[in-house]
Asker: 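Can you keep this structure in mind? I'll have questions shortly.
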Amino acid sequence: MVELPAATFLTDFHAHRAEHDPDGACWTYLGRTWSWSEAWSDIRRFAGALRAEGIGRGDRIAFLDKNNPAILTATQAVCLVGAANAIVNWRLAGDELDYVINDAGARMLFVGHELMPSIDLIRDKLTTVEKIVVVGGEADELSAWLAAGEPIERQPDVEPHDTCLVMYSSGTTGRPKGVMLSQHNMVVHTRYAGGDVEYGEGDMMLIAMPMFHVGGSSYALFGPATGTHGYIIREVDPTLLAGAMMAGVTHAFLVPAVVAGLLQAGPEAMKLFSGLKVFSYGAAPMPLPVLRGALEHWPSTTFMQVYGMTEMAGVVTILDDAAHRDPDHPERLVSAGRPIPGVEGRIVDAVTLQDVAPGESGELWWRTEQAT
């Protein structure tokens with residue numbers, strides 16, 4: 001496990017990088033690279049601009065855009081003023097969008113320029129939003145808004161248990177439900193959910209999973225914690241993925257469907273990803289034929305499966321590389337692994353509420369400081 005800097009607040013990781021490696025690469029996005037100090041300056045300036053708008057402890061903003069470093073900037077900026085960032089699923093339909101934004105109680109809304117037509121249709125229904133800022137494109141308003149902000153430090157009334165992220169569930173059986181995650185939840189997750197993955201000088205992590213998903217945002221936060229350069233793509237797209245690999249990505253977290261697509265595309269597609277040092281996957285079951293195909297094509301890659309949920313800030317169990325390659329226990333390939341440090345688990349009979357016997361099925365119960 002990588003030894004991380006001490007952190008009480010989520011921004012402590014990034015502040016540490018800005019102090020100790022100011023010129024190191026933080027994020028690369030659309031051909032531009034930010035150093036740790038440049039990104040930290042943007043975070044502090046974003047926080048100052050929020051405070052100038054009257055956003056403070058207990059308030060909410062919302063961000064509706066495909067992957068963009070500005071989302072990560074906003075997530076850390078709200079931590080400095082004690083507010084929270086509700087990252088909205090850009091795939092939602094209009095009636096779902098206004099529900100989520102209103103349910104979050106967002107006072108400000110940051111919207112990717114491509115998605116403004118959807119917001120224009122529901123603008124009169126956004127009852128809590130006082131200001132909308134367009135992000136990117138010819139209509140970009142974020143750059144000027146950010147430039148007008150005065151950088152600030154963390155405000156004295158901010159506490160570690162203040163909510164900093166609001167992530168919405170899929171809403172498969174009803175309306176999406178907002179899960180409130182505190183800075184403490186995210187710090188604990190960031191400290192323990194990386195498993196035994198190693199990061200070294202020159203490594204680069206692919207930030208491809210949507211940031212409105214806990215897997216996307218939580219994974220991206222490993223960058224400041226470990227000091228690893230993040231290569232951000234707007235969405236999981238074959239061309240963008242190929243570009244990331246050619247740029248030198250060494251660590252990636254993707255869903256099984258992406259691997260299935262690569263296998264279907266053929267040996268050349270798989271070869272393009274064979275240089276990965278670490279491949280993490282989760283958010284859905286990995287079919288055994290797909291997993292075995294990936295292990296065969298990427299023999300030098302460290303594999304790690306993660307299982308978790310939004311309410312736990314992300315990962316609660318890990319199936320490590322050794323378990324993936326244990327010839328005496330091939331059945332472990334269909335396992336979700338073992339609880340990470342700081343997570344206690346039980347498998348309970350839903351009727352008796354007693355632990356079930358080994359080999360029997362039951363409900364998974366978890367206890368961890370990662371939980372809200």
Asker: When you look at CZ of R338, are more than 12 heavy atoms from neighbouring residues, nucleotides or ligands closer to it than 6.0 Å?
Answerer: no
Asker: What closest approach, in Å, do P160 and T8 show between heavy atoms, and which atom pair accounts for it?
Answerer: CG-CG2, 3.7 Å
Asker: Is R292 close to P289 at the side-chain level, that is, under 4.5 Å between some pair of heavy atoms?
Answerer: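 Heavy-atom side-chain distance check fails, nothing below 4.5 Å.
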Asker: Which heavy atom in A284 sits nearest to a heavy atom in P256, and how many Å separate them?
Answerer: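 The answer is O-CG, 3.4 Å.
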Asker: Can you tell me how the ring of W145 sits relative to the ring of F110, calling it parallel under 30°, perpendicular over 60° and tilted otherwise?
Answerer: perpendicular
Asker: For L10, is there any backbone N or O sitting under 3.5 Å from a side-chain donor or acceptor partner on Q183?
Answerer: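 Yes, the answer is positive, given that a donor and an acceptor are paired below the 3.5 Å cut-off.
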Asker: Measure across Y281 and F253 and return the closest heavy-atom pair with its distance rounded to 0.1 Å.
Answerer: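 Minimum heavy-atom contact is C-CE1, 3.5 Å.
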Asker: Can you tell me how the ring of H14 sits relative to the ring of W36, calling it parallel under 30°, perpendicular over 60° and tilted otherwise?
Answerer: perpendicular
Asker: Do I119 and L126 come close enough that some side-chain heavy atom pair is under 4.5 Å?
Answerer: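 Yes; the side chains approach each other to less than 4.5 Å.
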Asker: Which distance, rounded to the nearest 0.5 Å, do you find between the CD1 of I61 and the CG of N85?
Answerer: 4.5 Å
Asker: Suppose we call two aromatic rings close when their centres sit under 6.0 Å apart. Are Y231 and W27 close by that rule?
Answerer: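 No: the rings miss the under 6.0 Å criterion.
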Asker: Is it true that atom CE of M180 has more than 12 heavy atoms of other residues, nucleotides or ligands lying nearer than 6.0 Å?
Answerer: no
Asker: Is a salt bridge present between D12 and R154, judged by a nitrogen-to-oxygen distance below 4.0 Å?
Answerer: yes
Asker: How many angstroms lie between atom CZ of R346 and atom CG of L364, to the nearest 0.5 angstrom?
Answerer: 11.5 Å
Asker: Tell me whether R17 contacts the main-chain N or O of P224 through its side chain, where contact means a donor paired with an acceptor under 3.5 Å.
Answerer: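 Yes.
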Asker: Counting N and O atoms only, with roles assigned by atom type, does the side chain of S218 sit under 3.5 Å from a partner on the main chain of V214, one being a donor and the other an acceptor?
Answerer: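 Side chain of S218 to backbone of V214, a donor-acceptor pair under 3.5 Å: yes, one is there.
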Asker: Could you tell me the separation between the CG atom of L64 and the CG atom of L109, rounded to the nearest 0.5 Å?
Answerer: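 If I round to the nearest 0.5 Å, the distance is 6.5 Å.
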Asker: Are the side chains of V236 and V258 in contact, using a 4.5 Å heavy-atom criterion?
Answerer: yes
Asker: Would you say that D65 contacts E114 through its side chain, given a criterion of any heavy-atom pair below 4.5 Å between the two side chains?
Answerer: yes
Asker: Can you check whether E198's main-chain N or O pairs, donor with acceptor, with H251's side chain at less than 3.5 Å?
Answerer: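 At least one qualifying donor-acceptor pair exists.
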Asker: Got D98 and I101 here, is their nearest side-chain heavy-atom distance under 4.5 Å?
Answerer: no
Asker: If you draw a 6.0 Å radius around CD1 in I347, do more than 12 non-hydrogen atoms from other residues or ligands fall strictly inside?
Answerer: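 No, because the 6.0 Å sphere around CD1 of I347 holds 12 heavy atoms or fewer from other groups.
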Asker: Spell out, as yes or no, whether a donor-acceptor pair under 3.5 Å connects the side chain of R60 to the backbone of G58.
Answerer: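 A pair under 3.5 Å: yes.
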Asker: Is a side-chain N or O of S35 found less than 3.5 angstrom from the main chain of D23, in a donor-acceptor match?
Answerer: no
Asker: The criterion is ring pair (Phe, Tyr, Trp, His ring centres under 6.0 Å); which residues satisfy it with F9, sequence neighbours excluded?
Answerer: none
Asker: Can you check side chain to side chain contact (heavy atoms under 4.5 Å, CB included) on N68 and V135, steps first, answer last?
Answerer: CA-CA 9 Å; N68 187 325; V135 179; 3.6 Å; yes
Asker: Decide side chain to side chain contact (heavy atoms under 4.5 Å, CB included) for E369 and H184; before the verdict, give the C-alpha distance in whole Å, the side-chain angles of both, and the deciding distance to 0.1 Å.
Answerer: CA-CA 8 Å; E369 289 188 50; H184 180 70; 2.5 Å; yes
Asker: Quick check: closest heavy atoms across A244 and L206, and the distance to 0.1 Å?
Answerer: CB-CD1, 3.6 Å
Asker: How far apart are the C-alpha atoms of W40 and E38, what are their side-chain angles, what is the distance that settles it, and do they pass the side-chain hydrogen bond (donor to acceptor under 3.5 Å, both in side chains) test?
Answerer: CA-CA 5 Å; W40 181 237; E38 287 172 332; over 6 Å; no
Asker: Rounded to the nearest 0.5 Å, how far apart are CD1 of I87 and CZ of F63?
Answerer: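 So the gap between those two atoms works out to 8.5 Å.
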Asker: Are L80 and L142 connected in a single hydrophobic cluster, I mean Ile/Leu/Val/Met/Phe/Trp/Tyr linked by side-chain heavy atoms less than 4.5 Å apart?
Answerer: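 Per the 4.5 Å side-chain linkage, L142 and L80 are not co-clustered.
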Asker: Under 3.5 Å, is there a donor-acceptor pair between the side chain of N185 and the main chain of S182?
Answerer: yes
Asker: Test Q370 against every option in T190, V343, V187 by the side chain to side chain contact (heavy atoms under 4.5 Å, CB included) rule and name the one that passes.
Answerer: V343
Asker: Looking at R45 and E150, is there a salt bridge between them, counting it only when a charged N and a carboxylate O are closer than 4.0 Å?
Answerer: no
Asker: For A208, is there any backbone N or O sitting under 3.5 Å from a side-chain donor or acceptor partner on N67?
Answerer: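 Flag set: sc N67 to bb A208 pair under 3.5 Å.
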Asker: Under the criterion side chain to side chain contact (heavy atoms under 4.5 Å, CB included), I'd like the reasoning laid out for K131 against R107: C-alpha separation, chi angles, the key distance, then a yes or no.
Answerer: CA-CA 7 Å; K131 187 182 185 75; R107 293 182 54 196; over 6 Å; no
Asker: Is E96 salt-bridged to R175, going by a charged N under 4.0 Å from an acidic O?
Answerer: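 Salt bridge: no.
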Asker: So, the side chain of D120 versus the backbone of R123: is there a donor-acceptor pair under 3.5 Å, distance only?
Answerer: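 Looks like no, no N/O pair under 3.5 Å.
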Asker: State the OG1-CH2 distance between T73 and W34, to the nearest 0.5 angstrom.
Answerer: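 One finds 8.0 Å between OG1 of T73 and CH2 of W34.
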Asker: Crowded around E331 CD? As in, over 12 foreign heavy atoms under 6.0 Å?
Answerer: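 Yes, enclosed.
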Asker: Is it possible for you to say whether V348 and M309 belong to one hydrophobic cluster, with membership spreading through side-chain heavy-atom contacts below 4.5 Å?
Answerer: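 They do not share one cluster, since no chain of ILVMFWY contacts under 4.5 Å joins V348 to M309.
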Asker: Is there a path of hydrophobic side-chain contacts, each under 4.5 Å between heavy atoms of I, L, V, M, F, W or Y residues, that connects V356 with L353?
Answerer: no
Asker: Compare all side-chain heavy atoms of T302 with those of L276 and state whether any distance is below 4.5 angstrom.
Answerer: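 Sidechains of L276 and T302: no contact.
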Asker: What is the minimum heavy-atom distance between A371 and M312, and which atoms define it?
Answerer: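 What the structure gives for the nearest pair is CB-SD, 3.8 Å.
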Asker: Between V158 and I55, is there a shared hydrophobic cluster once you connect ILVMFWY residues whose side-chain heavy atoms come closer than 4.5 Å?
Answerer: no
Asker: Between M186 and L221, is the side chain to side chain contact (heavy atoms under 4.5 Å, CB included) condition met? List the steps.
Answerer: CA-CA 9 Å; M186 301 310 298; L221 291 170; 3.8 Å; yes
Asker: Looking at D203, T301, T250, which hits side-chain hydrogen bond (donor to acceptor under 3.5 Å, both in side chains) with K277?
Answerer: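 Exactly one option meets the side-chain hydrogen bond (donor to acceptor under 3.5 Å, both in side chains) with K277, and it is D203.
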Asker: Is there a side-chain contact between V179 and V166, using heavy atoms and a 4.5 Å cut-off?
Answerer: no
Asker: Looking just at side-chain N and O atoms, do E159 and H161 make a donor-acceptor pair shorter than 3.5 Å?
Answerer: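 No, no side-chain donor-acceptor contact under 3.5 Å.
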Asker: Report yes or no: does S217 contribute a side-chain atom to a donor-acceptor pair with the main-chain N or O of M211 at less than 3.5 Å?
Answerer: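 Judged by distance alone, yes, a pair lies under 3.5 Å.
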Asker: Side chains of T33 and T28: any donor to acceptor distance under 3.5 Å?
Answerer: yes
Asker: So if you build clusters from Ile, Leu, Val, Met, Phe, Trp, Tyr with side-chain heavy-atom gaps below 4.5 Å, do L254 and L319 land together?
Answerer: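 No, no single cluster joins them.
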Asker: Got a sec, which residues hit ring pair (Phe, Tyr, Trp, His ring centres under 6.0 Å) with F303, two or more places apart in sequence or on another chain?
Answerer: F279, H324
Asker: For residues F212 and V88, determine if any side-chain heavy atom of one lies less than 4.5 Å from a side-chain heavy atom of the other.
Answerer: no
Asker: So which atom in T317 and which in G337 form the shortest heavy-atom distance, rounded to 0.1 Å?
Answerer: CB-C, 4.3 Å
Asker: How far does CG of L50 sit from CD1 of I152, to the nearest 0.5 angstrom?
Answerer: 8.0 Å
Asker: More than 12 heavy atoms of other residues, nucleotides or ligands under 6.0 Å from CD of E360: yes or no?
Answerer: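 Atom CD in E360 is packed in, count exceeds 12.
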Asker: Flag the pair R57 and D157 as a salt bridge only when some basic side-chain nitrogen lies within less than 4.0 angstrom of an acidic carboxylate oxygen.
Answerer: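 No.
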